[in-house]
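Bear in mind that the values here come from a model prediction, so they are computed numbers and not experimental data. Both ligands and their constituent atoms are indexed starting at 1 by order of listing.
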Amino acid sequence: MAWNSPKVGILGGGQLGRMLTEAANRLNIEVHVLDAENAPAKQISAHGNHTVGHFNNQQSVQELAKNCDVVTAEIEHVNTYALEAVASQVKVEPSWQSIRIIQNKYDQKKHLSKYDIPMADYRELVENTPEELAKVGELLGYPMMLKSKTLAYDGRGNYPVKSKEDIPNALEALKDRPLYAEKWAHFKMELAVMVVKTKDSVLSYPTVETVQEDSICKLVYAPARNVSDAINKKAQELARNAVAAFDGKGVFGVEMFLLEDDSILLCEIASRVHNSGHYTIEGCGLSQFDAHMRAVLDLPIPPKSLELRQPSIMLNIIGGATSDSHLRVAEHALSIPNASIHLYSKGAARPGRKMGHITVTGATMYEAETNIQPLIDLVDEIRA
Ligand code: ATP
Ligand code: MG
Ligand code: MG
């Protein structure tokens, strides 16, 4: 059997699945996507072996698995019981156990605590009553972050509790969800590291700086600006140690807080390729998508290929005030030197929806910053 003949199934065919498919296509690897008809990933993969359905549906996962050798996911919010059910029949990477722990942010923190990973202190809520949260507030202090354990993304699932007076609103905003609270991390910068777990090693990409606006990732600077070599290395080591606590192969995204005293806390892990790793397409020899495909198929990954070749800045194109405002950003980027444009072909834009991204590289970070500034201004202008 040829090295590239195994079929890779992907739960989810959004932009991450699409970029995984782009990486697979260049190696003549066939990916089978489980998602709605004509999902972004399916659009660039012309064969009849995709599955129409949802990654939470047991039957759909079963159908996908039938024709695959390895199954992976572009999102952590998948039905891990469905993955468990097919695990005797196909390889599931990373393991369903890892995805199950990671998709519940409270379980994830409990698991990482056993491995001495530094994190903001946290407490589980059991009754979700104002009295209970007030008690937690006394323990953790204010502000604190109230978080949904499950189905969190883009900050939807977080509520900052600034003082005791915010408690009723916080519980209302996150009502009917399983909750925990986190001590506030007074960070000076948010960092991220993409980690690649292979059959026998744990490798990392460089440390990047992430900037979120309204809790959605807006910008990624690679490498993190004004961060010493020592901190860059320390963050990579923390990220590798955290990912080493989980079974299975593939790329993981690790988000961290850099505090005033230069200590680092882990924010959360994603068991998949990640928005903060898009810069690797232009910035590194192997992208996070290439690395994920290789990791799940046990193909070689030269560590040198994960090093940053040139400073890179990634800007997300988020749905704006009108249905075509994201296209204005992409059009403007056509004239910017060393700007790579990635549109996801998701159809209609909604405010807050990730429609594409642009990566600008430069010989220096200053050059990249200068070239991307007009695009940042435009993104600020079209904001919904
Ligand atoms: P993602 O889209 O990355 O999955 P999420 O919805 O799971 O996001 P988090 O990553 O937990 O949410 O938090 C989103 C953002 O909220 C963080 O990037 C950070 O800016 C802020 N944040 C989260 N936890 C804390 C904390 N304990 N203290 C201060 N700020 C926090
Ligand atoms: Mg998250
Ligand atoms: Mg996050």
Inset, instruction - Look at Lys249 together with Asp298 and state whether they make a salt bridge at an N to O cut-off of under 4.0 Å. - result: yes

Legend entry - Ser60 side chain to Gln58 side chain, donor-acceptor N/O pair below 3.5 angstrom: no

Legend entry - Glu255 contact mode with ligand 1 (heavy-atom cut-off under 4.0 Å): side chain

Legend entry - N-O pairing of Glu260 and Lys188 below 4.0 Å: no

Inset, instruction - Output the list of atoms in ligand 1 that are nearer than 4.0 Å to some heavy atom of Glu268, sorted by atom number. - result: 1 (P), 3 (O), 4 (O), 5 (P), 7 (O), 8 (O), 9 (P), 10 (O), 12 (O)

Inset, instruction - Return the orientation label for the His32 and His50 ring planes: parallel under 30°, perpendicular over 60°, tilted otherwise. - result: perpendicular

Inset, instruction - Verify the distance test for Glu268 against the Mg ion (ligand 2): any N/O/S atom under 2.8 Å, yes or no. - result: yes

Legend entry - For ligand 1, the portion of Ala270 having any non-hydrogen atom under 4.0 Å away: neither

Inset, instruction - Could you tell me whether Lys147 and ligand 1 have an N or O pair separated by under 3.5 Å? - result: yes

Inset, instruction - Check each heavy atom of Ile216 against ligand 1 and say whether those closer than 4.0 Å belong to the side chain, the backbone, both or neither. - result: neither

Legend entry - Step-by-step side-chain hydrogen bond (donor to acceptor under 3.5 Å, both in side chains) determination, His47 to Ser45: CA-CA 6 Å; His47 58 71; Ser45 179; 3.2 Å; yes

Inset, instruction - Could you list which atoms of ligand 1 come closer than 4.0 Å to a heavy atom of Glu190? - result: 17 (C), 18 (O), 19 (C), 20 (O)

Inset, instruction - Would you mind reporting whether Val379 and Lys218 have side-chain heavy atoms less than 4.5 Å apart? - result: yes

Legend entry - Salt bridge present between Glu63 and Lys66 (N-O < 4.0 angstrom): no

Legend entry - Identity of the N, O or S atom of Glu255 lying closest to the Mg ion (ligand 3): OE1

Inset, instruction - Give the residue and atom name of whichever protein heavy atom lies nearest to atom 13 (O) of ligand 1, and the separation in Å to one decimal. - result: Asn158 ND2, 3.0 Å

Legend entry - Protein residue, atom and distance nearest to atom 30 (N) of ligand 1, heavy-atom basis: Phe187 CE2, 3.6 Å

Legend entry - Presence of salt bridge, Arg225 and Glu369, under 4.0 angstrom: yes

Inset, instruction - For Cys267, take its heavy atoms, then give the atoms of ligand 1 lying under 4.0 Å from any of them. - result: 10 (O), 11 (O)

Inset, instruction - Please state whether the rings of Tyr122 and Tyr106 are parallel, tilted or perpendicular, taking 30° and 60° as the class boundaries. - result: perpendicular

Inset, instruction - Report yes or no: do Gln15 and His357 form a side-chain donor-acceptor pair below 3.5 Å? - result: no

Legend entry - Ala185-ligand 1 polar pair, N/O distance under 3.5 Å: yes

Inset, instruction - Report the part of Met144 in contact with ligand 1, treating N, CA, C, O as backbone and CB onward as side chain, heavy atoms under 4.0 Å; options are side chain, backbone, both, neither. - result: neither

Legend entry - Nearest non-hydrogen protein atom, atom 27 (N) of ligand 1: Glu182 OE1, 2.8 Å

Inset, instruction - Would you mind running through ligand 1 and noting each atom that sits below 4.0 Å from a heavy atom of Asp154? - result: 1 (P), 2 (O), 6 (O), 8 (O)

Legend entry - Pairing of Lys197 and Glu93 as salt bridge, 4.0 angstrom limit: no

Legend entry - Note: Glu37-Lys42 ion pair, threshold 4.0 Å (strictly below): no

Inset, instruction - Answer yes or no: does an N/O atom from Trp184 fall short of 3.5 Å to an N/O atom of ligand 1? - result: no

Inset, instruction - Report yes if the side chains of Gln108 and Glu268 come closer than 4.5 Å at any heavy-atom pair, otherwise no. - result: yes

Inset, instruction - Say whether Gly155, considering both its backbone and side-chain N or O atoms, lies within less than 3.5 Å of an N or O atom on ligand 1. - result: yes

Legend entry - Atom indices of ligand 1, in the order listed, that fall short of 4.0 Å to a heavy atom of Lys105: 5 (P), 7 (O), 9 (P), 11 (O), 12 (O)

Legend entry - Top protein contact for atom 25 (C) of ligand 1, by heavy-atom distance: Phe257 CZ, 3.6 Å

Inset, instruction - May I ask you to identify the nearest protein heavy atom to atom 21 (C) of ligand 1, giving residue, atom name and distance to one decimal place in Å? - result: Met145 CE, 3.9 Å

Inset, instruction - Mark the output for His186 as yes if a heavy-atom distance to ligand 1 is under 4.0 Å, and as no if none is. - result: no

Inset, instruction - Using a strict cut-off of 4.0 Å, indicate which atoms of ligand 1 neighbour a heavy atom of Gln212. - result: 18 (O), 20 (O)

Legend entry - Member of Leu16, Val296, Thr72 meeting the side-chain contact (heavy atoms from CB on, under 4.5 Å) criterion with Ile10: Thr72

Inset, instruction - Give the numbers and elements of all ligand 1 atoms closer than 4.0 Å to a heavy atom of Tyr153. - result: 2 (O), 4 (O), 6 (O)

